[in-house]
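Within every chain, numbering begins at 1; the chains are lettered A, B, ... in the order of the sequence lines, protein sequences first and strands thereafter. These numbers come from a predicted model, not from an experiment.
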Protein chains: 2
Amino acid sequence: MVKPVLWHTLYKLSEFEAHKRVLRLSTVRLGQAMGTSQQTASRHLSELEKMGFIRKETSFKGVEVKITKRGLEELRRVYLGLKKVVEGTPNEIILRGKLFTGFREGGYYMSQREYLLQFRRKLGFDPYPGTLNLRLTSSEVRKKRELETYPPIIIEGFKGRRRSFGEVRCYPATINDEVEGAVAIIKRTHYDDSILEVVSPVYLRRRLNLKEGSEVKVKVPTSRIL
Amino acid sequence: MVKPVLWHTLYKLSEFEAHKRVLRLSTVRLGQAMGTSQQTASRHLSELEKMGFIRKETSFKGVEVKITKRGLEELRRVYLGLKKVVEGTPNEIILRGKLFTGFREGGYYMSQREYLLQFRRKLGFDPYPGTLNLRLTSSEVRKKRELETYPPIIIEGFKGRRRSFGEVRCYPATINDEVEGAVAIIKRTHYDDSILEVVSPVYLRRRLNLKEGSEVKVKVPTSRIL
DNA sequence: ATTACTAGTAGTCGAGTAT
DNA sequence: TATACTCGACTACTAGTAA
């Protein structure tokens, strides 16, 4: 957990647009902007760098600061939390994406007995051994991130004979307003934000008559939550 | 300025939806949620109440907390700051409202010589002695608040013979894609968020052929800024 | 000019405890 | 059980200053 004072400094840096470009400033100026001393500003920058939220280049002329992807992630987390508060919670999140064929790992995952039993118990259906891969546009990626701030149904990971399987975060959903299923978010190391995986008890490609590139609508109710 | 630790506590309370309803909890539980002690949670609540960000009712069964309007305002301020960072800055903010006749104070304001001279120098036109009052819907009010987070052109207040006049915050704008003018935000004590006042060098009602209730489009570029 | 170390201090925290 | 006070411990601050 990032300390509130450091978060505040990170936020100030974002006000100076340090997420867009390398920001040149002095620690005196940063201190003034934060209502604190030069020394504190300097220390905060060092700590933020150590935590990986910023990169920093120091010279006798001043500091050059840039917020990292990790730092922006941290700001985004709070942003999404506040969005719910300020804008109100939507009743559903609708995501649209285009069907594409992935590496067919999904099917391998879903056919694991340990996953299957949990799906049956926690989501109420036996998943078809394969996932529907949807490619999301950038605006849809934002909505996916928003979705991820809601508490998921967690399908726990396990160690298999040859490898271990990570946890899967699920959100029950309706696909194309017709079929019940779920969004399945699998924690991977090389993880592409712009992909959405959908599971369902039926073979969705046939059931919904989908082709490569077809647009698919996924409606996730948020009311279950809370 | 609210201290970062206290802001963090306020944020946590909003995660518990204390902005929507009275939240019943114990300080132990709040402490756990914040990764701090019961004592600290208790102290933070007292300080937040003293600052007017929450109302609090204490009993031997626990505390009842509700975030006040002022507290929500504080959360909204940071939300809007983060929105710029996370969503990117829009090139323009478009506001739509319906024309209505106010108390005609606007004309009185605009005909003050001290204001007029500043308008001419800072905005480049002599305002018609009257403002266009637009009634905004709730979604437009949100956009107006977003607009207010950008640095305005400030027309300074002054003391007249009989009364004093407050400062006016202006944003150059285009009205109905035709006429140049500005949004004028006048700080009042009894201040209605859902009203937008527009000034321009011409008599807009005639120039744009507007009637009571006509929808008016106000386009404010944000590029000037920064 | 700068940054950032050291050292002393102010402020924040949490254990104990009164209510 | 609660909240919230006191007070010792510790953290985070700023002044002074070296580089």
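- A:Y79 and B:Y79 have parallel rings, their planes meeting at less than 30° on a 0 to 90° scale where 60° marks the start of perpendicular.
- Looking at residues two or more places apart in sequence or on another chain, you find a salt bridge (charged side-chain N to carboxylate O under 4.0 Å, His left out) between B:R96 and B:E215.
- For B:E92, there are no salt bridge (charged side-chain N to carboxylate O under 4.0 Å, His left out) partners two or more places apart in sequence or in a different chain.
- Sorted by residue number, the list of members of residues 4-13 of chain B with any non-hydrogen atom under 4.0 Å from DNA chain D is empty.
- Applying the side chain to side chain donor-acceptor pair (under 3.5 Å) rule to A:D177 yields the partners A:K217, A:K219; only residues at least two apart in sequence or on another chain are considered.
- Defining each end axis of the helix from C:dT2-D:dA19 to C:dT19-D:dA2 as the rotation carrying four pairs' C1' atoms onto the next four, with five pairs an end, the two axes are found to diverge by 40° to 10 degrees.
- With sequence neighbours excluded, the residues that form a salt bridge (charged side-chain N to carboxylate O under 4.0 Å, His left out) with A:K12 are A:E15.
- What separates CD of A:Q32 from C1' of C:dT2 is a distance of 14 Å, to the nearest Å.
- Looking at residues two or more places apart in sequence or on another chain, you find a salt bridge (charged side-chain N to carboxylate O under 4.0 Å, His left out) between B:R76 and B:E73.
- Here B:H44 reaches the OP1 or OP2 of C:dC13: one of its side-chain N or O atoms lies under 4.0 Å away.
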Side-chain donor-acceptor pairs under 3.5 Å in residues 2-10 of chain A, sequence neighbours left out?
| residue | atom | partner | partner atom | Å |
| --- | --- | --- | --- | --- |
| A:T9 | OG1 | A:V5 | O | 3.2 |
| A:T9 | OG1 | A:H44 | ND1 | 2.8 |

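- Residues in residues 53-66 of chain A take part in these salt bridge (charged side-chain N to carboxylate O under 4.0 Å, His left out) pairs, two or more places apart or across chains: A:R24-A:E64.
- Side-chain N/O atoms of B:R43 include one lying less than 4.0 angstrom from OP1 or OP2 on C:dC13.
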Nucleic acid footprint by protein, nucleotides 3-11 of chain C - heavy-atom cut-off 4.0 Å, B for base, S for sugar-phosphate alone: BBB------

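- The ring pair (Phe, Tyr, Trp, His ring centres under 6.0 Å) search around A:F125 returns none, not counting sequence neighbours.
- For B:E17 and B:K20, the salt-bridge test passes: some basic side-chain N is under 4.0 Å from an acidic carboxylate O.
- The separation between B:E64 atom CD and D:dA2 atom P is 15 Å, rounded to whole Å.
- Remark: B:S37 is not in phosphate contact with C:dC13, judged by side-chain N or O atoms under 4.0 Å from OP1 or OP2.
- For B:S200, the side-chain contact (heavy atoms from CB on, under 4.5 Å) criterion is met by B:V179, B:V202, B:L204, not counting sequence neighbours.
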